[in-house]
*Asks:* 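One structure, pasted below without further comment.
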2 protein chains.
Amino acid sequence: MAKKTLTTLQTIAERLHLSVSTVSRVLNGKSNQYRISSRTQQAVRDMACQLDFKPNQLARSLRLRKTQTLGLVIPDISNPFFAQIARSVEIEARRHRYSIILCDTQESTELEIESVRLLRSREVEGLILLPVGQQSKHLTNLQTEDFPVVIVDRFLPDLDLPYVASNNYRGAYDAVCYLVNHSHTKIACLQGLPGTSPNERRVRGYLDALQAHNIAPDLDLIRGDSYGSQTGYDQTRQLLSEKVSVTALFALSNLIALGAIRALVELNLRIGEDISILCFDDQPYLAYMDPPITTVDQQNTEMGRLAVRLLFEQLADETIEKKNVLLPTKFIERKSVKNLCLERRNKCTPKH
Amino acid sequence: MAKKTLTTLQTIAERLHLSVSTVSRVLNGKSNQYRISSRTQQAVRDMACQLDFKPNQLARSLRLRKTQTLGLVIPDISNPFFAQIARSVEIEARRHRYSIILCDTQESTELEIESVRLLRSREVEGLILLPVGQQSKHLTNLQTEDFPVVIVDRFLPDLDLPYVASNNYRGAYDAVCYLVNHSHTKIACLQGLPGTSPNERRVRGYLDALQAHNIAPDLDLIRGDSYGSQTGYDQTRQLLSEKVSVTALFALSNLIALGAIRALVELNLRIGEDISILCFDDQPYLAYMDPPITTVDQQNTEMGRLAVRLLFEQLADETIEKKNVLLPTKFIERKSVKNLCLERRNKCTPKH
DNA sequence: TTGTAAGCGTTATCAT
DNA sequence: ATGATAACGCTTACAA
């Protein structure tokens, strides 16, 4: 194999009988500042181009103590919800000439711990962290060392780190109001991962909306333990074998809804007729189902962009003014909820 | 703000009145090799732990000329197909203790060029590249400098770089055979991005399958110019307004199918009854549509894993034996294709 | 207008 | 069994 002889400042300098400093200065656009002759400038540039010189960012980073790199820690990049966030994070970071090191934690706190350590070891300047979310103590030192970080989606109640998330409470509250206004009172809640903030907020919104309409919540109607589709399927089958009076399902993720829908189809229940369904996280296909599914959409792209923006604010300012952002959700009405009765109930307003 | 005073080998060495070399050796598990006293070993380890020492990988990489990093270049990470590949790449890389720098090229060759340059500048040891795929000359120097790289999904005919992709030709061929065996002869092909290898191979499979059954292909039935859903919608509307006799649609991506389905619904055509549809790229929701959609599934996870494996083979061996892999697709029969006639046609076998 | 030299944090080579 | 030193490729005072 041909010897891999890479081009460095040294190489260029030698060929032109110059010092590395001069070459470095030219290539960093400091020619004017150092009054480098235009002849030299041209020669350096030409040679750099000719040799296809690529500055070694490693050396640069080491010297400058600046890596132009952010860490992105995500529970499951193959989940479209996370993938959309990842995309906007990458794009926004690149706008600032930063690169992204990606870690998929596979929904494991253990891998999350390892990932954060790894990324810090690689001297990333900051972290965009979508935590698994059920534990938080492994993140306390990020706080005490005030290492630049922005938490996204699932935040940690007992940790005071800046975050950006959807207004899950409000989104759920509004959704349940919508159901109630369509005269549903027996509404099951197919929840995601208990103990994670989006889940807790949504469940709280569900409960509060019911109470605001003087409907006594039945805690037994809250079922499930993960954001995946299997749970949606299992819980729906189980539930409908017990509680036949349920008229609507509120699924806390689109995958849960997918599972639920399969169960309903198997049970020969017509969606939007025999039973209504409504779910969190819009995805393109939901508009194409039969019937199209009514959803609570999150602003994924905005979430990613904002996270990066907040991170850069931390990197720039000495004064880290902790700023948390809750993005509004967007209710998308389609055809999966039946209006059981034509007269509307009283209008509703959320508590928080 | 508290001064950011990071712990280095130096710090530990000073505190223990040792040299950095000794500390380095202990922390790199070379204690035995250098016969370091167990007392020293213990002291070093304790201090490292106490100070929460994280070795600076930048310095390490620079010195060792080994970054333990791969570059992943992807046209659109928010596309579930790509996201699934990305995930398996990340997981497989991590198994080898490698990190991933992610670049989303937004389907732009220009950004692809920039990304490759950037990644090489960051001294990644190898590249997993999912090219935009319509141009290739900007990648020739990867070949001439034999920089370790594996191309995934879309490969470049005039470039001799190792790749892993699905057997798109065979997948399409089989799918069209299936349609023909269900007595369809007027089959439209809703294609993706022309000029990209998966598209060309699939179209070729489509044509060959028709010819193998003595059906003269009508080139006017091949429509479309991108993998997105808008194309699927537009082309389907257009097509059905012109060619009413078409009985089946073969969509070359699931997004195209989604668009097509919307068009069909709007036209009041019942899928699997009035018209049949079949598409590439299985996604979870396709099983839940009404009717469930028959698809040609690709082994995304395997593709990512294999790509990393091929890349590591390159990194290990001096002898770069170029190895290309075509993964078989998997035909998933559901309910979206109607059998127009009960007697079957003759069995089919592909040409390649 | 350009060169010299120190240093970023690590590891490898050669001493002792 | 441990230490001193050079080097990885780059930037930046400080010289000249």
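We use all heavy atoms of the structure for the numbers below, so side chains are in, but hydrogens, waters and symmetry mates are not. Chain identifiers are assigned alphabetically (A, B, ...) following the order of the sequence lines, protein sequences preceding nucleic acid strands; residue numbering begins at 1 within each chain.
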*Asks:* Hey, is the side chain of B:Lys30 poking within less than 4.0 Å of OP1 or OP2 on C:dT11, counting only N and O atoms?
*Replies:*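 Checking B:Lys30 against C:dT11: no side-chain N or O falls below 4.0 Å of OP1 or OP2.
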*Asks:* For B:Ser24 and B:Ser21, test the side chains for any donor-to-acceptor distance below 3.5 angstrom and give the result as yes or no.
*Replies:*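 Distance-only check fails for B:Ser24 and B:Ser21.
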*Asks:* Side chain of A:Ser24, heavy atoms from C-beta onward: which of D:dT11, C:dT2, D:dG3 has the nearest atom to it?
*Replies:*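 For the A:Ser24 side chain, the nearest candidate turns out to be D:dT11.
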*Asks:* I'd like to know if the side chain of B:Asn56 and the backbone of B:Ala59 have a donor-acceptor N/O pair within less than 3.5 Å.
*Replies:*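 Between the backbone of B:Ala59 and the side chain of B:Asn56 there is a qualifying donor-acceptor contact (under 3.5 Å).
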*Asks:* Are B:Gln42 and B:Asp46 close enough that a side-chain donor and a side-chain acceptor fall under 3.5 Å?
*Replies:*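 Yes, B:Asp46 and B:Gln42 have a side-chain donor paired with an acceptor closer than 3.5 Å.
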*Asks:* Contact class for A:Thr40 vs. all strands (heavy atom < 4.0 Å): base, sugar-phosphate, or nothing?
*Replies:*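 Contact class for A:Thr40: sugar-phosphate only.
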*Asks:* Output the rounded distance in Å from OH (B:Tyr34) to C1' (C:dC14).
*Replies:*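 Roughly 10 Å, once rounded to whole Å.
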*Asks:* Give the nucleotide from the list D:dG9, C:dT10, C:dT2 with an atom nearest to the side chain of A:Ser37.
*Replies:*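 Nearest listed nucleotide: C:dT2.
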*Asks:* Check if the side chain of B:Arg63 and the base of C:dT11 share a donor-acceptor pair of N or O atoms closer than 3.5 Å.
*Replies:*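 Present.
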*Asks:* Think A:Arg60 has a side-chain N or O under 4.0 angstrom from the OP1 or OP2 of C:dC8?
*Replies:*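 Checking A:Arg60 against C:dC8: no side-chain N or O falls below 4.0 Å of OP1 or OP2.
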*Asks:* Separation of B:Leu27 atom CG from C:dT10 atom P, in whole Å?
*Replies:*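 Value for this atom pair: 9 Å.
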*Asks:* A:Lys66 NZ to D:dT11 P: how many Å, rounded?
*Replies:*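 Distance, rounded to whole Å: 13 Å.
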*Asks:* Okay, side chain of A:Ser115, backbone of A:Leu111: is any donor-acceptor separation there less than 3.5 Å?
*Replies:*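 Checked: pair present.
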*Asks:* From CD of B:Glu14 over to P of D:dT2, roughly how many Å is that when rounded to an integer?
*Replies:*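 B:Glu14 atom CD is separated from D:dT2 atom P by 18 Å.
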*Asks:* Is A:Ser19 near enough to C:dT2 that one of its side-chain N or O atoms lies under 4.0 angstrom from OP1 or OP2?
*Replies:*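 Looking at the OP1 and OP2 atoms of C:dT2, neither is under 4.0 Å from any side-chain N or O of A:Ser19.
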*Asks:* When the distance from CD of A:Glu123 to P of C:dG9 is rounded to whole Å, what number comes out?
*Replies:*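 It works out to 8 Å between those atoms.
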*Asks:* Both A:Arg25 and A:Leu62 contact DNA chain D. Taking the nearest nucleotide for each, which residue is further toward the 5' end?
*Replies:*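 By nearest-heavy-atom nucleotide position, the 5'-most residue is A:Leu62.
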*Asks:* Regarding A:Ile36, tell me which of base, sugar-phosphate or nothing describes its non-hydrogen contacts under 4.0 Å with the strands shown.
*Replies:*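 If one applies the 4.0 Å heavy-atom cut-off, A:Ile36 turns out to touch the sugar-phosphate alone, with no base involved.
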*Asks:* Round to a whole Å and report the spacing from CZ of B:Arg65 to P of C:dT10.
*Replies:*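 These atoms are roughly 19 Å apart.
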*Asks:* Looking only at atom types and distance, does a side-chain atom of B:Gln143 sit under 3.5 Å from a main-chain N or O of B:Asp160, one as donor and one as acceptor?
*Replies:*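 The answer is yes, because a donor-acceptor pair under 3.5 Å joins these two groups.
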*Asks:* Hey, does the side chain of A:Asn56 come within less than 4.0 Å of D:dC8's phosphate (OP1/OP2), counting only N and O?
*Replies:*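 For D:dC8, OP1/OP2 do not have a side-chain N/O of A:Asn56 under 4.0 Å.
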*Asks:* Output the rounded distance in Å from CD (B:Gln10) to C1' (C:dC8).
*Replies:*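 Those two atoms, CD and C1', are 12 Å apart.
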*Asks:* Just how far, in rounded Å, is P of D:dG9 from NZ of A:Lys54?
*Replies:*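 It is 14 Å, rounded to the nearest whole Å.
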*Asks:* With sugar-phosphate meaning primed atoms plus P, OP1 and OP2, does A:Leu58 contact a base, only sugar-phosphate, or nothing at under 4.0 Å between heavy atoms?
*Replies:*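 Answer is nothing: A:Leu58 stays at 4.0 Å or more from every strand.
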*Asks:* Does C:dG3 have OP1 or OP2 sitting under 4.0 Å from an N or O in the side chain of A:Ser21?
*Replies:*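 No, outside the criterion.
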